[in-house]
Amino acid sequence: MSVLTVAFWVLAVWGIASALMVVHTKDIFRAALFLVSTFIAVAGFFVILGAEFLAVVQVLVYAGGISVLIIFAVMFTREVAQGNQPNRYYGIGLLLGAALFLVLAFTVVSTNWFPEFHNTEEADAIARGAFSDSSGGLGALLREKFILPFELTAILLLAVLVGAVALVKER
Amino acid sequence: MPPLEHFLLVAAAIFSIGLYGALSRKNIITVFMSVELMFNAVNLTAIAFAKFLVPVWSNRFLFGPELSESVRAAGDIALSGQVLAIFIIAVAAAEIALGLAIVIAIYRNRETIDITDVALMKK
């Protein structure tokens with residue numbers, strides 16, 4: 001077993017276990033901390049998949065920013081004392097989640113993903129061309145081919161900033 | 001290197017756990033956390049596809065059977081999965097910021113964040 005395989009299984013168990021804990025922990029604050037743990041596990045997957053820049057972004061934006069927002073929201077609302085209770089559609093939710101996983105797993109297992117194309121010399125050559133400087137390549141790609149979505153994202157973030165301030169402003 | 005299927009199965013598991021949490025909990029903050037889990041699973045899937053499927057496919061179908069000299073162009077396409085993930089992260093950050101602002105506004109007006117109690121539009 002290679003190092004990558006061992007790392008994959010450690011991250012898989014870690015990520016799925018902490019995702020389950022997010023849903024099942026009674027204390028919402030602890031659930032938020034388990035959410036951070038899941039984010040970091042997913043960042044580990046990104047490193048395995050050769051997306052180092054995205055791993056850093058994941059840790060900065062998700063584990064840093066979004067989790068702080070969630071923890072602030074947890075602390076602003078008093079209902080946290082009641083814990084993480086299920087609603088009356090608990091059974092349906094569990095059933096739908098399990099059914100979705102079974103369908104997805106069946107699809108993944110039964111589809112031919114052309115394994116002969118994976119990790120070949122051709123793929124390695126392209127990956128070396130693209131991933132030797134993954135962050136620089138991403139920057140050039142965002143600037144050259146994805147400039148319109150990039151600018152639209154900037155406008156979206158500005159609108160969200162204004163909207164969030166307007167929503168929580170004291171009247 | 002683990003095969004593509006393993007990454008997809010882990011992402012499917014995290015997505016299903018997120019769906020289960022979003023459907024079955026009373027507290028709106030837990031619902032938001034479950035939605036974030038689903039976003040993460042989608043990102044993982046996009047990057048796994050970008051790593052395993054896109055490079056060779058883009059090279060074969062755009063530039064012919066042999067490895068073309070324009071490896072740079074094929075590499076650009078190979079990176080587009082990561083660009084998709086970047087935009088998903090940006091939109092997810094926007095969504096969570098606005099969503100939590102709405103949560104605070106609801107809590108200020110109604111003193112509750114129980115989604116079964118917030119049913120104004122039901123009547």
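Worth saying up front: this structure is predicted, and the values here are computed from it rather than measured. By convention in this document, chain letters (A, B, ...) are assigned in the order of the sequence lines, proteins followed by strands, and residues within each chain are numbered from 1. Hydrogens, waters and symmetry mates are skipped; everything else that's a heavy atom, side chains included, is used.
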**Item:** Portion of Val61(A) that has a non-hydrogen atom of chain B nearer than 4.5 angstrom
**Value:** side chain

**Which atoms of Leu20(A) approach chain B - backbone, side chain, both or neither, heavy atom under 4.5 Å** = both

**Message:** Once rounded to the nearest 0.5 Å, what's the spacing between atom CG of Leu8(B) and atom OG1 of Thr107(A)?
**Reply:** 10.5 Å

**Item:** For the student: nearest non-hydrogen atoms of Gln82(B) and Gly50(A), plus distance
**Value:** NE2-O, 3.8 Å

**Prompt:** Which is it for Glu36(B) and Phe39(A) under the side-chain contact (heavy atoms from CB on, under 4.5 Å) test, yes or no, and what are the steps along the way?
**Reply:** CA-CA 9 Å; Glu36(B) 290 304 309; Phe39(A) 289 159; 4.0 Å; yes

**Request:** Supply the atom-to-atom distance Phe150(A) CZ to Phe87(B) CZ, rounded to the nearest 0.5 angstrom.
**Result:** 7.5 Å

**Message:** Using a 4.5 angstrom heavy-atom cutoff, name the option from Ile115(B), Val103(B), Ile104(B) with the most pairs to chain A.
**Reply:** Ile104(B)

**Asked** Where does Ala159(A) contact chain B at under 4.5 Å (heavy atoms): side chain, backbone, both or neither?
**Response** neither

**Item:** Any Trp9(A) side-chain heavy atom under 4.5 Å of His6(B) side chain
**Value:** yes

**Message:** When you group the ILVMFWY residues by side-chain heavy-atom contacts below 4.5 Å and let the links chain together, are Phe101(A) and Val10(B) in the same group?
**Reply:** no

**Residue selection (most heavy-atom pairs with chain A, distance under 4.5 Å) from Ile102(B), Thr30(B), Val91(B)** = Thr30(B)

**Prompt:** Hey, are the side chains of Glu5(B) and Val109(A) touching, using non-hydrogen atoms and a 4.5 Å cut-off?
**Reply:** no

**Asked** If Ile, Leu, Val, Met, Phe, Trp and Tyr residues are connected whenever their side-chain heavy atoms lie under 4.5 Å apart, and connections chain through other members, are Leu161(A) and Leu152(A) in the same group?
**Response** no

**Request:** May I ask you to name which of Ile47(B), Leu19(B), Leu4(B) has the most heavy-atom pairs under 4.5 Å with chain A?
**Result:** Ile47(B)

**Request:** Over all heavy atoms of both residues, which pair between Ser80(B) and Leu141(A) is shortest? Give the atoms and the distance, please.
**Result:** N-CD2, 4.1 Å

**Message:** Over 60° means perpendicular and under 30° means parallel, so tell me whether Tyr20(B) and Tyr90(A) are parallel, tilted or perpendicular.
**Reply:** perpendicular

**Message:** Quick check on Leu35(A) against chain B: is it the side chain, the backbone, both or neither that has a heavy atom closer than 4.5 Å?
**Reply:** side chain

**Request:** For side-chain contact (heavy atoms from CB on, under 4.5 Å), just list the numbers for His24(A) and Arg25(B), CA-CA rounded to whole Å, side-chain angles, deciding distance to a tenth of an Å, and then say yes or no.
**Result:** CA-CA 10 Å; His24(A) 272 286; Arg25(B) 295 289 143 176; 4.0 Å; yes

**Asked** Measuring heavy-atom distances to chain B, does Phe72(A) have an atom under 4.5 Å in its side chain, in its backbone, in both, or in neither?
**Response** neither

**Asked** chain B heavy atoms under 4.5 Å from Leu95(A): which part of the residue, side chain, backbone, both or neither?
**Response** neither

**Message:** Would a single hydrophobic cluster contain both Leu33(A) and Leu60(A), if residues Ile, Leu, Val, Met, Phe, Trp and Tyr are joined by side-chain heavy-atom contacts under 4.5 Å?
**Reply:** no

**Prompt:** What residue in Gly21(B), Ala97(B), Ala94(B) has the most heavy-atom pairs under 4.5 Å with chain A?
**Reply:** Ala94(B)

**Message:** Would you say Leu4(A) ends up clustered with Phe8(A) if hydrophobic residues are merged whenever their side chains have heavy atoms under 4.5 Å apart, either directly or through other cluster members?
**Reply:** yes

**Message:** Below 30° counts as parallel, above 60° as perpendicular, anything between as tilted: where do the rings of Phe7(B) and Phe45(A) land?
**Reply:** perpendicular

**Message:** For Ile16(A), which atoms come within 4.5 Å of any heavy atom of chain B: side chain, backbone, both, or neither?
**Reply:** both

**Request:** Sort Leu9(B) into side chain, backbone, both or neither according to what part of it lies under 4.5 angstrom from a heavy atom of chain A.
**Result:** both

**Message:** Counting C-beta onward and ignoring hydrogens, is there a side-chain heavy-atom pair between Val57(A) and Ile89(B) closer than 4.5 Å?
**Reply:** yes

**Prompt:** Under 3.5 Å, side chain of Arg108(B) to main-chain N/O of Val168(A), donor-acceptor pair present?
**Reply:** yes

**Request:** Check the pair Ile28(A), Asn27(B) against side-chain contact (heavy atoms from CB on, under 4.5 Å), reporting the backbone distance first and the verdict last.
**Result:** CA-CA 9 Å; Ile28(A) 294 184; Asn27(B) 192 304; 2.8 Å; yes

**Prompt:** Rounded to the nearest 0.5 Å, what separation is found between the CE atom of Met1(B) and the CD1 atom of Ile48(A)?
**Reply:** 7.0 Å

**Side-chain donor-acceptor contact under 3.5 Å, Asn43(B) with Gln58(A)** = no

**Request:** Pick whichever of Ile14(B), Thr116(B), Ile86(B) has the most heavy-atom pairs under 4.5 Å with chain A.
**Result:** Ile86(B)

**Fill in**
Okay, Leu100(B) and chain A: the region with an atom under 4.5 Å from a heavy atom over there is side chain

**Request:** Measure the spacing between CG of Asn87(A) and NZ of Lys26(B) and express it to the nearest 0.5 Å.
**Result:** 7.5 Å

**Complete:** NZ (Lys145(A)) and CG (Leu79(B)) are apart, to the nearest 0.5 Å, by 10.0 Å

**Message:** Hydrophobic clusters here meaning ILVMFWY residues chained together by side-chain heavy-atom distances under 4.5 Å, can you tell me if Leu84(B) and Leu157(A) are in one?
**Reply:** no

**Request:** Let me see the working for Glu95(B) and Val160(A) under side-chain contact (heavy atoms from CB on, under 4.5 Å), right down to the final yes or no.
**Result:** CA-CA 8 Å; Glu95(B) 175 259 344; Val160(A) 165; over 6 Å; no

**Prompt:** Under a 4.5 Å heavy-atom cut-off, does chain A meet the side chain of Phe32(B), its backbone, both or neither?
**Reply:** neither

**Asked** If you count heavy-atom pairs under 4.5 Å with chain B, which of Ser2(A), Pro149(A), Ala98(A) comes out on top?
**Response** Pro149(A)

**Prompt:** Which answer fits Leu96(A), side chain, backbone, both or neither, if we ask what part of it has an atom under 4.5 Å from a heavy atom of chain B?
**Reply:** both

